[in-house]
Amino acid sequence: QVQLVESGGGLVQAGGSLRLSCAASARTFSFYVMGWFRQAPGKEREFVAAIIGSGGSTNYADSVKGRFTISRDNYKNTVVLQMNSLKPEDTAVYYCNARLGKDYWGQGTQVTVSS
């Protein structure tokens with residue numbers, strides 16, 4: 001069982017930055033692919049970014065490429081999403097995800113970008 005706790009959401013103006021963190025309880029954290037997803041009101045949850053266990057490979061949704069950066073610290077069992085040049089369309093609840101055969105989810109953190 002893996003527990004994920006997100007932090008760092010909030011309200012920011014367009015063009016601003018936010019840093020989301022996710023703390024994981026997994027003993028074998030480095031084995032997990034870690035990712036971030038988001039869900040805007042009235043929309044389905046969508047993929048944002050992911051990073052493999054070693055941290056050597058990342059993947060991003062086209063909508064956030066060049067603006068968001070995902071990273072992880074396998075000693076601290078954390079994954080971070082640095083979000084720059086935020087747009088109003090980035091407004092959503094952001095969820096941390098851990099995947100190793102099955103998916104684990106955090107409770108989500110609200111990100112609101114005002115125009």
Could you tell me which non-hydrogen atom of [X] sits nearest to which non-hydrogen atom of [Y], and how far apart they are?
| X | Y | result |
| --- | --- | --- |
| V33 | A50 | CG1-CB, 4.4 Å |
| A98 | V2 | CB-CG1, 4.4 Å |
| A40 | A92 | N-CB, 3.8 Å |
| P88 | A14 | CD-CB, 4.1 Å |
| A24 | L4 | CB-CD2, 3.5 Å |

Checklist entry - Under 4.0 Å between a Lys/Arg side-chain N and an Asp/Glu carboxylate O for D62 and K65? => result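 Salt bridge: yes.
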Next on the checklist: Is it true that, when you exclude Q3 itself, more than 12 heavy atoms of the residues, nucleotides or ligands shown sit nearer than 6.0 Å to its CD?
Outcome noted: no
Checklist entry - Are the side chain of T78 and the backbone of A23 linked by a donor-acceptor contact shorter than 3.5 Å? => result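 No: the side chain of T78 does not pair with the backbone of A23.
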Next on the checklist: I'd like to know if the side chain of Q107 and the backbone of V5 have a donor-acceptor N/O pair within less than 3.5 Å.
Outcome noted: no
Checklist entry - Please, which pairs that meet salt bridge (Lys or Arg N to Asp or Glu O under 4.0 Å) have at least one residue in residues 96-106, sequence neighbours excluded? => result R99-D103
Approximate separation, where rounding is to 0.5 Å, of [X] [atom1] and [Y] [atom2]:
| X | Y | atom1 | atom2 | answer |
| --- | --- | --- | --- | --- |
| T58 | I52 | OG1 | CD1 | 9.0 Å |
| M34 | N74 | CE | CG | 9.5 Å |
| L11 | Q110 | CG | CD | 9.5 Å |
| Q82 | I70 | CD | CD1 | 12.0 Å |

Do [X] and [Y] have side chains that get closer than 4.5 Å, going by heavy atoms?
| X | Y | answer |
| --- | --- | --- |
| L81 | R38 | no |
| V111 | M83 | yes |
| K76 | F29 | no |

Checklist entry - ring pair (Phe, Tyr, Trp, His ring centres under 6.0 Å) with F47: which residues, sequence neighbours excluded? => result F37
Checklist entry - Would V93 end up clustered with W105 when hydrophobic side chains under 4.5 Å apart are linked, directly or stepwise? => result yes
Next on the checklist: Let me check something: do Y104 and V79 share a hydrophobic cluster, defined by ILVMFWY side-chain heavy atoms less than 4.5 Å apart, either directly or through other members?
Outcome noted: yes
Item to check | disulfide bond (SG atoms under 2.5 Å apart) pairs, two or more places apart, involving residues 19-115 | outcome: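 For residues 19-115: C22-C96.
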Next on the checklist: Show me the pairs that pass side-chain hydrogen bond (donor to acceptor under 3.5 Å, both in side chains) and involve residues 8-30, at least two apart or across chains.
Outcome noted: S17-N84
Checklist entry - On the ring face of Y32, is R72 found with NZ or CZ under 6.0 Å from the centre and within 45° of the axis? => result no
Item to check | Pairs touching residues 52-91 that satisfy ring-ring contact (aromatic ring centres under 6.0 Å, His included), sequence neighbours left out | outcome: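 Qualifying pairs: none.
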Next on the checklist: Does anything in residues 78-99 form a ring-ring contact (aromatic ring centres under 6.0 Å, His included)? List the pairs, not counting sequence neighbours.
Outcome noted: none
